[in-house]
Amino acid sequence: MMGPAHSLSGAAAWLAVGAVAAGLDHPMPWPTVLVGALICAGAALAPDLDHQAATISRAFGPLSRGLCKVVDAIAHATYKATRKAGDPRRAGGHRTLTHTWVWAVLVGGGFSAAAVYGGRWAVLVILFIHMVLAVEGLLWRQARGAHDVLVWLLGATSAWMLADVLDDPGNGKDWLFTQPGQHYLWIGLPIVLGSLVHCLGDALTVSGCPVLWPIPIGRRRWYPIGPPKFMRFRAGSWVEIKVLTPVFFVVGGGCALGALGVLG
Ligand SMILES: [Zn+2]
């Protein structure tokens with residue numbers, strides 16, 4: 001899928017978690033609903049860090065372009081080292097390591113640890129990265145027309161304001177993990193979820209997604225999971241733009257009402 005559909009599905013997925021959490025008596029304070037949805041929208045672009053032309057690889061200038069090269073090399077090396085007889089040879093790492101549940105958990109866990117042990121600046125950096133990505137994904141065309149520096153400024157100011165809001169007692173920094181010393185532990189959850197939602201989105205497209213690696217399936221360890229061929233569509237096709245995107249919008253909106261307790 002393309003950026004906007006990935007990001008919107010990420011936001012909708014977090015809002016659905018919010019609705020479920022409200023149903024299970026762990027309602028999120030509204031800043032956790034909002035910030036989590038934005039983080040998840042940003043994180044839903046992140047697995048494409050293995051692709052030079054992807055939004056995330058361009059989003060932070062030379063920094064992300066350099067990181068993209070490193071990630072692609074690691075992903076390709078991992079593919080070559082772990083492929084079984086049934087996995088074809090391939091030239092690069094796109095849609096391999098970063099498109100697995102293992103990567104999602106590692107990245108989410110890493111950011112959670114950074115937030116818990118790194119203090120306010122770590123939280124600000126995590127928010128900044130994901131707010132920039134959320135702007136790039138959700139405001140796709142507008143963000144492409146704008147100068148990178150403007151998007152970074154928007155990311156930085158929103159990160160700063162949102163961190164202040166979350167920091168207020170009862171406003172969400174201790175959602176779900178309430179013990180002292182666990183503040184912001186939840187911040188990895190929308191990051192894991194965003195990565196997985198990205199993989200699901202890619203699985204729906206023609207080439208599938210090896211999300212279950214390293215669990216072997218038949219003669220393959222990088223089996224591209226996906227629905228039956230006739231249900232798949234090309235990235236950027238009318239199904240994605242005219243059907244899925246509006247569906248994500250409506251579902252996300254409904255879940256947001258549930259998450260915020262508006263529906264009772
Ligand atoms: Zn992808």
Side-chain angles (χ1 to χ4, degrees), residues 1-14 39-60 64-79 82-83 87-88 90-108 110-111 129-130 132-138 140 143-144 190-215 217 220-227 229 231-237 239-241 243-245 247-248:
M1 296 196 297
M2 311 274 287
H6 276 310
S7 281
L8 257 183
S9 57
W14 182 256
I39 292 178
C40 203
L45 296 182
D48 283 343
L49 188 56
D50 60 5
H51 191 305
Q52 281 293 332
T55 309
I56 179 167
S57 306
R58 298 180 297 95
F60 302 94
S64 50
R65 273 194 295 274
L67 188 61
C68 170
K69 286 208 181 80
V70 176
V71 167
D72 185 38
I74 294 174
H76 192 206
T78 310
Y79 184 87
T82 61
R83 74 184 182 92
D87 292 308
R90 45 180 308 156
H94 183 45
R95 277 197 181 175
T96 58
L97 183 61
T98 58
H99 288 65
T100 64
W101 66 273
V102 177
W103 178 271
V105 170
L106 285 179
V107 171
F111 276 124
I129 294 170
H130 290 90
V132 168
L133 291 176
V135 169
E136 295 272 5
L138 296 173
W140 192 248
R144 294 215 151 175
I191 296 174
V192 174
L193 185 65
S195 293
L196 292 177
V197 168
H198 178 105
C199 295
L200 274 182
D202 277 357
L204 292 177
T205 60
V206 184
S207 46
C209 184
V211 62
L212 290 182
W213 176 87
I215 300 165
I217 297 175
R220 304 187 70 167
R221 211 182 282 284
W222 295 92
Y223 188 89
I225 305 283
K229 284 273 188 288
M231 288 172 69
R232 301 191 187 188
F233 57 85
R234 282 187 188 287
S237 70
V239 186
E240 177 179 327
I241 292 158
V243 181
L244 287 179
T245 304
V247 166
F248 296 149

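For reference, positions follow the sequence shown, starting with 1. In each ligand, atom 1 is the first atom listed, and ligand 1 is the first ligand listed.
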**Report entry** Criterion side chain to side chain donor-acceptor pair (under 3.5 Å) on D72 and H76, from CA distance to verdict
**Finding:** CA-CA 6 Å; D72 185 38; H76 192 206; over 6 Å; no

Query raised in the report: Taking atom OH of Y79 as the centre, does the number of heavy atoms from other residues, nucleotides or ligands within less than 6.0 Å exceed 12?
Result: yes

**Report entry** Check: L45 and S7 side chains under 4.5 Å, non-hydrogen atoms
**Finding:** yes

Requested in this report: Tell me which N, O or S atom of H198 sits nearest to the Zn ion (ligand 1).
Outcome: NE2

Report task. Look at C209 and state whether any of its N, O or S atoms is less than 2.8 Å from the Zn ion (ligand 1). Result -> no

Requested in this report: For the Zn ion (ligand 1), find the closest N/O/S atom on D48 and give its atom name.
Outcome: OD1

**Report entry** Name, closest N/O/S atom of D202 to the Zn ion (ligand 1)
**Finding:** OD2

Report task. Take atom CZ of R90 as the centre, draw a 6.0 Å sphere, and report whether it contains more than 12 heavy atoms from other residues, nucleotides or ligands. Result -> yes

